[in-house]
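Each remark here refers to the structure printed beneath this line.
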Amino acid sequence: MSTTSRRVPRRTALRYVLVALALLIVLANVLGERSAAVDGPEPVPADGTALAVLARLEVKGPGPDTGYERSEFGSAWVDVDDNGCDTRNDVLARDLTDLTFSTRGEPCEVRTGTFLDPYTGEAIDFRRGNATSAAVQIDHVVPLLDAWRKGARSWDAQTRTRFANDPLNLLAADGPSNQSKGARDASAWLPPNHAFRCPYVARQIAVKAEYGLSVTPSEAEAMERVLADCPAEPVPAG
């Protein structure tokens, strides 16, 4: 075999080695940049946003259901603000439009109205009656049982009654959607209407911050996922 024929494969092998080395250098630079981006400080949520308030909530596992009864939060829909109207009618009057009221000596009682349900995005014609009232229900945004598991068990009766009737924690809602939600937190239930998920989670966070309620790890993660699409979402005022 000639000297020339022996040198050709060596040159080819050397070329391959140099190309592979160059590729390794490029790959190392890319991985280094990604690592620096991952290891760098995360952006701090702006004050007043739901993300900023969420970061201040206590994260821990839920407590037991032991001792929970609806009556632990007082009678349903009492007049806590002494305006002469019970809480259900106060919320209906706040959340519905085109209202009509009772003409039979009960001026607070909402008889009919138009409701744009935030949970489904659908419009509902509300009409009070045994067969029709349940079409629009009043939802505890943070369910009472969820609150019980995450701090309310230790509250006094007055605080629980205030919580159950706090307008911050109440929204008129489509009846079937409210029933499907039950006592589930954000890790297990979110409004079918995706456009309302950011305001919904922000309201839950506002309520939990106001009353010192905790969130579970899975709940906090679910809230963060929702708010990733709306990092500037503010918490509603009480």
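Everything numeric here is computed off the predicted structure, so don't read it as measured data.
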Item checked: Heavy-atom neighbours of D47 CG exceed 12 at 6.0 Å -> no

Sequence neighbours left out, what pairs pass salt bridge (charged side-chain N to carboxylate O under 4.0 Å, His left out) with at least one residue falling in [range]?
{"range": "residues 110-137", "value": "E109-R111"}
{"range": "residues 226-238", "value": "none"}
{"range": "residues 193-210", "value": "D146-K208, K208-E219"}
{"range": "residues 71-84", "value": "E72-R160"}

Under the salt bridge (Lys or Arg N to Asp or Glu O under 4.0 Å) test, which residues partner [X], sequence neighbours left out?
{"X": "E58", "value": "K60"}
{"X": "R162", "value": "none"}
{"X": "D95", "value": "none"}

Looking at every non-hydrogen atom in both residues, tell me the closest pair between [X] and [Y] and how far apart they are.
{"X": "A46", "Y": "A52", "answer": "O-CB, 3.3 Å"}
{"X": "G151", "Y": "S154", "answer": "O-OG, 3.0 Å"}
{"X": "A50", "Y": "L227", "answer": "CB-CD1, 3.8 Å"}
{"X": "R184", "Y": "P143", "answer": "O-CG, 3.9 Å"}
{"X": "A228", "Y": "P231", "answer": "O-CD, 3.7 Å"}
{"X": "A152", "Y": "L213", "answer": "N-CD2, 3.8 Å"}

Next item on the list: Would you list the pairs meeting ring-ring contact (aromatic ring centres under 6.0 Å, His included) in which at least one residue belongs to residues 73-114, sequence neighbours left out?
Entry: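 Matches after skipping sequence neighbours: W77-H140.
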
Check: Which pairs, with at least one residue in residues 201-238 and sequence neighbours excluded, count as a ring-ring contact (aromatic ring centres under 6.0 Å, His included)?
Finding: W155-Y211, F163-Y211

Applying a strict under-4.5 Å side-chain criterion to I, L, V, M, F, W and Y, I'd like to know whether [X] and [Y] cluster together.
{"X": "V201", "Y": "V207", "result": "no"}
{"X": "I138", "Y": "L144", "result": "no"}
{"X": "F115", "Y": "V91", "result": "yes"}

Notebook entry, point to check: Listed by chain and number, what are the side-chain hydrogen bond (donor to acceptor under 3.5 Å, both in side chains) partners of T216, not counting sequence neighbours?
Noted result: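 Applying side-chain hydrogen bond (donor to acceptor under 3.5 Å, both in side chains) to T216 gives S218.
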
Note to self: Which label fits F196 and Y119: parallel for a plane angle under 30°, tilted from 30 to 60°, or perpendicular past 60°?
What the structure shows: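 Tilted.
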
When rounded to the nearest 0.5 angstrom, what is the spacing between [atom1] in [X] and [atom2] in [Y]?
{"X": "T87", "Y": "L92", "atom1": "OG1", "atom2": "CG", "value": "11.0 Å"}
{"X": "M223", "Y": "L57", "atom1": "CE", "atom2": "CG", "value": "7.5 Å"}
{"X": "L96", "Y": "I124", "atom1": "CG", "atom2": "CD1", "value": "8.5 Å"}
{"X": "F126", "Y": "T100", "atom1": "CZ", "atom2": "OG1", "value": "9.0 Å"}
{"X": "W189", "Y": "N178", "atom1": "CH2", "atom2": "CG", "value": "7.5 Å"}
{"X": "K150", "Y": "L145", "atom1": "NZ", "atom2": "CG", "value": "9.5 Å"}

Taking the side chain as C-beta and beyond, is there a heavy-atom pair between [X] and [Y] under 4.5 Å?
{"X": "D86", "Y": "C108", "result": "no"}
{"X": "T97", "Y": "L116", "result": "no"}
{"X": "N83", "Y": "D90", "result": "yes"}
{"X": "V226", "Y": "C198", "result": "yes"}

Would you be so kind as to tabulate the donor-acceptor pairs closer than 3.5 Å made by side chains of residues 169-176, with sequence neighbours excluded?
residue: N169; atom: OD1; partner: V141; partner atom: N; Å: 3.3
residue: N169; atom: OD1; partner: V142; partner atom: N; Å: 2.7
residue: N169; atom: ND2; partner: V142; partner atom: O; Å: 3.2
residue: D174; atom: OD2; partner: S177; partner atom: N; Å: 3.0
residue: D174; atom: OD2; partner: S177; partner atom: OG; Å: 2.8

Margin query: My understanding is that a hydrophobic cluster links ILVMFWY residues whose side chain heavy atoms are under 4.5 Å apart, including indirect links. Using that, what else belongs to the cluster containing V80?
Written below: V78

Check: Does any N or O in the side chain of R153 come within less than 3.5 Å of the main-chain N or O of T66, such that one atom is a donor and the other an acceptor?
Finding: yes

Check: Taking the side chain from T161 and the backbone from Q158, do they hold a donor-acceptor pair closer than 3.5 Å?
Finding: no

